[in-house]
Structure formats: C-alpha cells, structure tokens
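The next block holds one structure in the form of structure tokens; read it before the comments.
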Amino acid sequence: MKNFLNISDLSAQELKEIIEEAKSRKLKRKGFNKSEPDKDKPFSGMSMIMMFEKPSTRTRISFDIAAKQLGGSTIILNQDGIHYGKGDESIKDTAKVLSQYADMIMIRTASHKNLDEFAKHSDIPVINGLSELSHPCQIMSDILTFEENKGSIKGKTIAWLGDGNNNMSNSFIEASAKFNFKLNIGCPDQYKPNKSILAWAKKNKADISIHKNPADAVKNVDCIMTDKWVSMNDKVDKNKKKKLLKSYQVNKKIMKLAKSDAIFMHCLPVGRGEEATDEVVDGKQSVVWQQAENRVHAQKSIMNWCLK
Ligand code: CP
Ligand code: NVA
C-alpha cells in the first residue's frame, strides 16, 4: 500500500512512470465523453473518500471525474459534516473507520501534521490534495502540461515568481530535483523558499537559483509560473504581503523577457491583476485551462500507482 503525500517521497523513476501513464491514458480517451470510463476500468468496484478542510473547485471535481474514468466512485466529505477535526474523535480513529468503507482517501488539510498522522493509521492509500506544506497532485499535472507543450522537462528552465515559500513552490522545488529541470525563483527576501526543502533539493542535485530581481529570474526561460500571493489559511497581513510581492507580477513586460515561445502556468484560482494580469492569463502563451484539465489525467495515474 502506498501513499502519495509529497513529491520527495517517490523515486524519479516512479514519478516519470506516473507522467507517462497519464499521457498514454489521456491519448487513449480521444473521443470519449468526459465521465465515460477507460476501457480497462482499473478502479472498478472501488471508491475513494475525499475530505476537505478547505475550499476546492479543481481538486474536488477532477478527483471525482478521475475515479469515474477509472471505473470507480467517490464519497465527498466536508470536515463540518463529520467528527474529524472537532476533537470528539481522534485522527487515528477516523483513519481506522474510513479505511473500512473505501479503497483510497484524498485529504485537503490545513495541517500537514494531521495528514501524516492520518496516513500513519490508515489501512488504505492516502493522497495529499493540498496541505499548507505541499501540493504534489497539482505539480504532477503541471509537469504533464509542460511536457505536452514543450517536450521533456529535463534540462529546461522554469521561473517561479512571487511567494517562494508556499505549498506550490515547495512541491515545485522538490520536482526540480526529481525531474532535473533548472528552477529560477524570483522572490523578495521575506518570501524566500523553505530552508529545509531547499537544502533537501540541493543535496539531491537540484539546479535552483534565487533572484531578488524578477527580470533576472525570467530571462530566457521556457516557462513562467506563479501562484496566489496569499494562500488559503495564510495568516499574514495580506496588504503588506501583496505590497512586497507587487513587483513580481507576471505581466506582458515580464513575459517578453522569457523565450518567445515560453508558456505561462498557474495552478488557479488566480488573483487577476495581482500575481498575473488578464492579458497574461488569457493570452496565447497561457496554458492554465490545460493544467486544470490535466488534474484529471495526472491524478488517475497517481491513484493507479497507489494501488500497485
Ligand atoms: N489548483 C487547485 O488545487 O485548485 P482548487 O483549490 O480549486 O482545488
Ligand atoms: N498556494 C495556494 C494554492 C491553491 C491551489 C493555496 O494554498 O491557497
């Protein structure tokens, strides 16, 4: 039984196999209706519980469709409707109980510690659908999207602008070590990457550079990526943080500094006019809708990997 909690937990080989399976399953579905199952239905007779402590559009729906396409079903729970998290039932007991009802569980949590605790006691695979520390499912979809547009990500250069210390940047830093791409992080001193994740990446031979000047980070890159300046449950002075990140906005001027065929990526939801302008989000170089679609395909392979 395997859990999918962080990019760093899997070998480079395993991660690449997940991406390749996603590509091949997606290709085989050409002409299928969106919820029509794949021919082999590997999740047939099985179900996935999804538990949300925070709002979600993409993760909630893409996992639901992923389970259907694999021939299975889902049960969606909000923290409010169950005992979990209220103190009247421990995480251990919730994990044991839910393990009796389904074959897999996906959790979106405000506490990565709770996710680890849940996984420790669960008898079924646990998938991280976003924690304050990492967002590995999104990153797998982003790698898939990058490769569909630009070929192998190995040896390419990607710029990350804005908050260098959130769940997305953490998982992306881990991915740069596993998939061997160069990562330029453009961020202010106050939002530099998580020190221990950066140290792990460097130990694992990642090629990462940190730039205070956003123009230096994006010069000649193959892709520019950013994320919300204020993440869910981010306990900060929002206006102060936005002011600090203002010069890291992805706009036309910034896009021009990248390669002429560079792509723009964002996991969504996007703060239009904040971390990216409308022109960029809706522009020709943007692949944000493809990233959203690819959540389904990447997650199907992640689910299959967990079952192997
Ligand atoms: N990108 C992402 O995880 O979106 P949701 O918050 O809508 O799930
Ligand atoms: N960093 C963002 C990602 C949203 C998908 C957040 O945690 O809110």
Side-chain angles (χ1 to χ4, degrees), residues 4-7 22 48-67 74 76-79 105-115 127-146 160-175 183 185-188 190-194 197 224-238 241-242 244-245 248-250 264-272 274-276 281 286-300 302-303:
F4 188 82
L5 303 181
N6 294 296
I7 295 284
M48 170 188 235
I49 290 178
M50 290 194 259
M51 205 155 65
F52 289 91
E53 289 177 25
K54 294 182 187 183
S56 165
T57 301
R58 279 142 289 266
T59 306
R60 184 183 300 256
I61 299 165
S62 60
F63 263 114
D64 194 41
I65 296 167
T74 54
I76 304 182
L77 306 172
N78 284 320
Q79 196 188 5
I105 182 146
M106 187 236 78
I107 304 178
R108 168 165 286 199
T109 179
S111 162
H112 198 89
K113 237 171 91 189
N114 288 355
L115 183 68
I127 296 178
N128 176 4
L130 181 148
S131 74
E132 83 287 12
L133 199 69
S134 58
H135 198 4
C137 292
Q138 178 68 50
I139 293 300
M140 292 301 277
S141 159
D142 297 345
I143 303 283
L144 171 61
T145 308
F146 181 95
W160 172 272
L161 286 197
D163 188 353
N165 189 359
N166 72 8
N167 43 17
M168 279 292 295
S169 54
N170 289 344
S171 291
F172 209 43
I173 288 170
E174 293 180 358
L183 179 58
I185 300 175
C187 62
Q190 293 84 341
Y191 292 102
K192 275 189 176 162
N194 175 306
I197 292 178
I224 300 179
M225 196 188 267
T226 186
D227 186 14
K228 270 233 184 288
W229 283 341
V230 180
S231 285
M232 292 180 274
N233 294 68
D234 211 350
K235 288 174 189 62
V236 287
D237 178 334
K238 290 184 185 161
K241 186 171 183 186
K242 286 181 183 180
L244 272 168
L245 292 172
Y248 298 86
Q249 180 190 67
V250 184
F264 169 72
M265 294 180 105
H266 192 303
C267 66
L268 305 177
V270 58
R272 286 174 178 262
E274 293 191 341
E275 72 269 17
V281 177
S286 169
V287 296
V288 298
W289 315 125
Q290 193 179 340
Q291 283 175 265
E293 184 203 326
N294 277 339
R295 292 293 300 275
V296 173
H297 305 292
Q299 286 156 195
K300 283 166 68 183
I302 291 168
M303 290 166 72

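For ligands, and for the atoms within them, numbers begin at 1 and follow the listed sequence. Counting begins at 1 with the first residue of the sequence.
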Worksheet entry | Identity and distance of the protein heavy atom lying nearest atom 8 (O) of ligand 2 | Met232 N, 2.8 Å
Worksheet entry | Leu268 contact mode with ligand 2 (heavy-atom cut-off under 4.0 Å) | backbone
Worksheet item: Should Asn166 and Ser169 count as side-chain neighbours, where that means a heavy-atom distance under 4.5 Å?
Response: yes
Worksheet item: With no hydrogens and no angle check, is any side-chain donor or acceptor of Arg108 less than 3.5 Å from a backbone partner on Leu130?
Response: no
Practice prompt. Considering only NZ, NE, NH1 and NH2 on the basic side and carboxylate oxygens on the acidic side, decide whether Lys228 and Asp234 come within less than 4.0 Å.
Written response: no
Discussion item. Side chains of Phe52 and Met106, heavy atoms from C-beta outward: is any pair under 4.5 Å?
Written reply: yes
Worksheet item: Does the side chain of Thr109 pick up a donor-acceptor pair with the side chain of Glu53 at under 3.5 Å?
Response: yes
Practice prompt. Scan Gln299, Arg295, Arg58 and name whichever one has a side chain to side chain donor-acceptor pair (under 3.5 Å) with Gln138.
Written response: Arg295
Item to complete: Answer side chain, backbone, both or neither: which part of Leu268 comes under 4.0 Å from ligand 1, heavy atoms only.
Response: backbone
Worksheet entry | Side chains of Ile7 and Met140 in contact at under 4.5 Å (non-hydrogen atoms) | yes
Worksheet item: Got the closest protein heavy atom to atom 6 (O) of ligand 1, with its distance?
Response: Arg108 NH1, 2.8 Å
Practice prompt. Could you list which atoms of ligand 1 come closer than 4.0 Å to a heavy atom of Arg295?
Written response: 1 (N), 2 (C), 3 (O)
Discussion item. Whether the Asn294 and Thr145 side chains hold a donor-acceptor pair (N or O, under 3.5 Å, no angle test) is what I'd like checked.
Written reply: yes
Discussion item. Using a 3.5 Å cut-off on N or O atoms only, is Met232 in polar contact with ligand 1?
Written reply: no
Worksheet item: Asp163 versus Met168: any side-chain heavy-atom pair under 4.5 Å?
Response: no
Worksheet entry | Contact atoms of ligand 2, heavy-atom distance to Asn166 under 4.0 Å | 1 (N)
Item to complete: Say whether Arg60, considering both its backbone and side-chain N or O atoms, lies within less than 3.5 Å of an N or O atom on ligand 1.
Response: no
Fill in: Shortest protein contact, atom 7 (O) of ligand 2 (heavy atom only)
Asn167 ND2, 2.8 Å
Item to complete: Determine whether Ile127 and Ile302 make a side-chain contact, defined as any pair of heavy atoms from C-beta on separated by less than 4.5 Å.
Response: yes
Worksheet item: Could an N or O of ligand 2 be found under 3.5 Å from any N or O of Lys54, whether backbone or side chain?
Response: no
Discussion item. What I'd like to find out is whether the side chain of Val236 reaches to under 4.5 Å of the side chain of Tyr191, using heavy atoms alone.
Written reply: yes
Worksheet item: Can you tell which part of Lys228 has a heavy atom less than 4.0 Å from ligand 2: side chain, backbone, both or neither?
Response: neither
Worksheet item: Closest non-hydrogen protein atom to atom 4 (C) of ligand 2, residue and atom name please, with distance?
Response: Leu130 CD1, 3.9 Å
Discussion item. Polar contacts were defined as any N/O atom of the residue lying under 3.5 Å from an N/O atom of the ligand; does this apply to Cys267 and ligand 1?
Written reply: yes
Discussion item. Suppose we measure from atom 7 (O) of ligand 1 to each protein heavy atom; which comes out shortest, and what is that distance?
Written reply: Thr57 N, 2.7 Å
Practice prompt. Find all atoms of ligand 2 within a distance of less than 4.0 Å from any non-hydrogen atom belonging to Asp227, and give their numbers and elements.
Written response: 1 (N), 2 (C), 3 (C)
Worksheet item: Among protein heavy atoms, which lies nearest atom 3 (O) of ligand 1, and at what distance?
Response: His135 NE2, 2.8 Å
Worksheet item: What is the nearest protein non-hydrogen atom to atom 4 (O) of ligand 1, stated with its residue, atom name and distance?
Response: Arg58 NE, 2.8 Å
